[in-house]
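Computed from a prediction, not measured in an experiment: that's the story for all the values here.
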Amino acid sequence: MKEIFYLSLAMAVGLVFNRLVKLVHLPNVTGYVVAGVLFGPYVFNLLPAKEVSSLSIISDVALAFIAFSIGSSFEMSNLKIIGSKSILITVLEACGGSAFVIAFCLIFGFPVPESLSLGAIAAATAPATTLLVAKQYKAKGPVTQMLLPVVAMDDAVCLILFSVLSSISAEMVNGTDLSVASMLLKPLKQIGLSLLIGAAMGFVVAFCSKLFKSRANRISVIIASLFFCTALADKLNLSQLLVCMMESAIMVNFSKEADKMLDVCDRWTPPVYIVFFVLSGASLNFKILPTVGLIGVIYVIARAVGKYCGATLGAAVTKADKNVIKYLGFTLLPQEGVAIGMSQLIVNILPKYGDEIRAVILCAMLVYELTGPILTKFALKKAGEITEPERKKKKETA
């Protein structure tokens with residue numbers, strides 16, 4: 001019963017801070033993260049570390065719904081407009097973040113294996129924060145249209161970069177042999193199988209949308225499918241984000257009821273997102289800040305600059321909308337679950353550098369989660385894609 005109590009507490013403080021951040025016109029996500037930081041184990045300790053860890057299943061559930069929501073942006077009508085552009089932008093923004101981090105770490109004299117490992121993780125972008133800010137303000141336009149597929153495909157690019165660079169780092173430290181299979185074929189197989197399973201489940205959900213008409217049954221279908229995909233991805237060591245994203249992508253293209261399915265999903269997910277971001281904030285440890293030093297500062301700044309430059313270059317090369325060129329890079333900073341998971345793997349792959357790398361990633365997550373939503377709102381507002389008044393009708397905000 002303790003878990004249920006802490007779930008209710010996380011939701012309650014999230015709702016309170018949701019109201020508070022509206023007074024200063026900040027995104028809801030910022031309020032949730034700040035609430036988690038303040039009430040988490042490292043400040044007031046009303047959400048103890050043990051209890052936060054025991055609720056990790058909420059993060060899996062939330063990420064499944066986030067990926068499902070992002071997958072809906074892969075409708076064929078959208079892909080015909082931005083398909084090839086979004087792929088190149090994704091590759092350049094991901095590789096840009098990695099390249100800048102590696103280059104500046106090496107320039108300042110940090111070991112090559114550590115620099116490569118940090119560069120590999122730098123490619124990861126968390127879709128959750130960006131998605132919720134766009135949804136909160138009902139953002140609509142070229143930047144939002146490009147942003148969603150970019151953050152969705154970022155996971156695939158990051159998996160390949162991480163596999164290659166972490167393998168090279170391990171070889172340099174341990175003297176083990178590298179092979180094409182370990183660096184490229186394994187991650188490509190992982191990505192391919194993730195997409196295949198997601199596609200199969202997408203067809204199942206599309207078929208079920210014809211059989212079940214009520215909201216209750218349709219949300220049950222979605223929940224069951226996402227739970228199954230999450231469990232299967234964990235069992236087979238696949239990407240949960242890619243599986244759930246592909247499920248939604250297939251559904252929106254092969255089901256005439258897709259809009260209604262997505263609508264019923266949006267009605268169910270807000271409490272899950274609140275708890276997810278509060279718990280994310282609670283896991284941020286301010287005590288690690290003094291331990292990361294120069295390499296932490298380099299990582300935070302170099303990754304941000306690399307992401308921005310990569311996105312801007314990609315948008316310019318593909319002749320994307322001028323607002324995409326100017327503002328897309330501001331929306332790609334947040335890091336969450338995928339980056340933390342990779343930092344945990346690095347602890348096992350490179351124990352010599354693992355603890356410091358993990359501290360750097362957690363510190364960066366703290367910075368990005370507090371600033372990312374604000375920068376995303378800034379970019380979408382400057383692009384003219386936030387059209388809904390920030391002071392909503394009383395009926396809507398109650």
Side chains of [X] and [Y] in contact at under 4.5 Å (non-hydrogen atoms):
X      : Y      : answer
Met172 : Leu116 : yes
Thr129 : Phe277 : yes
Met201 : Val243 : no
Leu38  : Val13  : no
Tyr353 : Pro113 : yes
Gln145 : Lys140 : no
Met11  : Val278 : no
Met251 : Leu262 : yes

May I have the step-by-step check of side-chain contact (heavy atoms from CB on, under 4.5 Å) for Asp321 and Val143, ending in yes or no? CA-CA 8 Å; Asp321 184 275; Val143 178; 5.7 Å; no
Check: [X] side chain, [Y] main-chain N or O, donor-acceptor pair, under 3.5 Å:
X      : Y      : value
Lys235 : Thr230 : no
Thr130 : Pro127 : no
Glu114 : Leu350 : no
Gln136 : Pro27  : no
Ser98  : Cys95  : no
Ser72  : Ser248 : no
Ser255 : Val252 : no
Arg215 : Val264 : no
Gln335 : Ala124 : yes

When rounded to the nearest 0.5 Å, the distance separating CG of Leu165 from CD1 of Ile121 is 10.0 Å
Rounded to the nearest 0.5 Å, what separates atom OG in Ser209 from atom CG in Asn217? 12.5 Å
Which heavy-atom pair separates [X] from [Y] by the least distance, and what is that distance?
X      : Y      : answer
Ala199 : Met246 : N-CG, 3.5 Å
Ile89  : Gly314 : CG1-C, 3.5 Å
Ile58  : Val272 : CG2-O, 4.3 Å
Asp154 : Thr125 : OD1-N, 2.9 Å
Met153 : Ser86  : CE-OG, 3.3 Å
Leu242 : Ser194 : CB-CB, 3.9 Å

Phe39 and Phe17 aromatic ring geometry - parallel, tilted or perpendicular at 30°/60° bounds: perpendicular
Please work out which of the three classes, parallel, tilted or perpendicular, describes the rings of Tyr327 and Phe378, given edges at 30° and 60°. perpendicular
Take Leu23 and Arg19, measure what side-chain contact (heavy atoms from CB on, under 4.5 Å) needs, and give me the verdict at the end. CA-CA 7 Å; Leu23 299 177; Arg19 289 289 182 172; over 6 Å; no
Derivation of the side-chain contact (heavy atoms from CB on, under 4.5 Å) call for Ile197 and Leu236: CA-CA 11 Å; Ile197 291 174; Leu236 300 179; 3.8 Å; yes
Is it the case that one hydrophobic cluster holds both [X] and [Y], taking links as side-chain heavy atoms less than 4.5 Å apart, direct or via other members?
X      : Y      : result
Val52  : Val37  : yes
Leu238 : Val204 : yes
Tyr32  : Val34  : yes
Leu106 : Ile301 : yes
Phe100 : Leu161 : no

Within a reach of under 6.0 Å around [atom1] of [X], are more than 12 heavy atoms found that belong to other residues, nucleotides or ligands?
X      : atom1 : result
Phe228 : CZ    : no
Phe104 : CZ    : no
Lys256 : NZ    : no
Ile57  : CD1   : no

Do Tyr273 and Leu132 pass the side-chain contact (heavy atoms from CB on, under 4.5 Å) test, and can you show the C-alpha distance, the side-chain angles, and the key distance before you say yes or no? CA-CA 8 Å; Tyr273 292 158; Leu132 258 69; 3.5 Å; yes
Judged by modelled atom types alone, do Lys135 and Ser69 share a side-chain donor-acceptor pair under 3.5 Å? yes
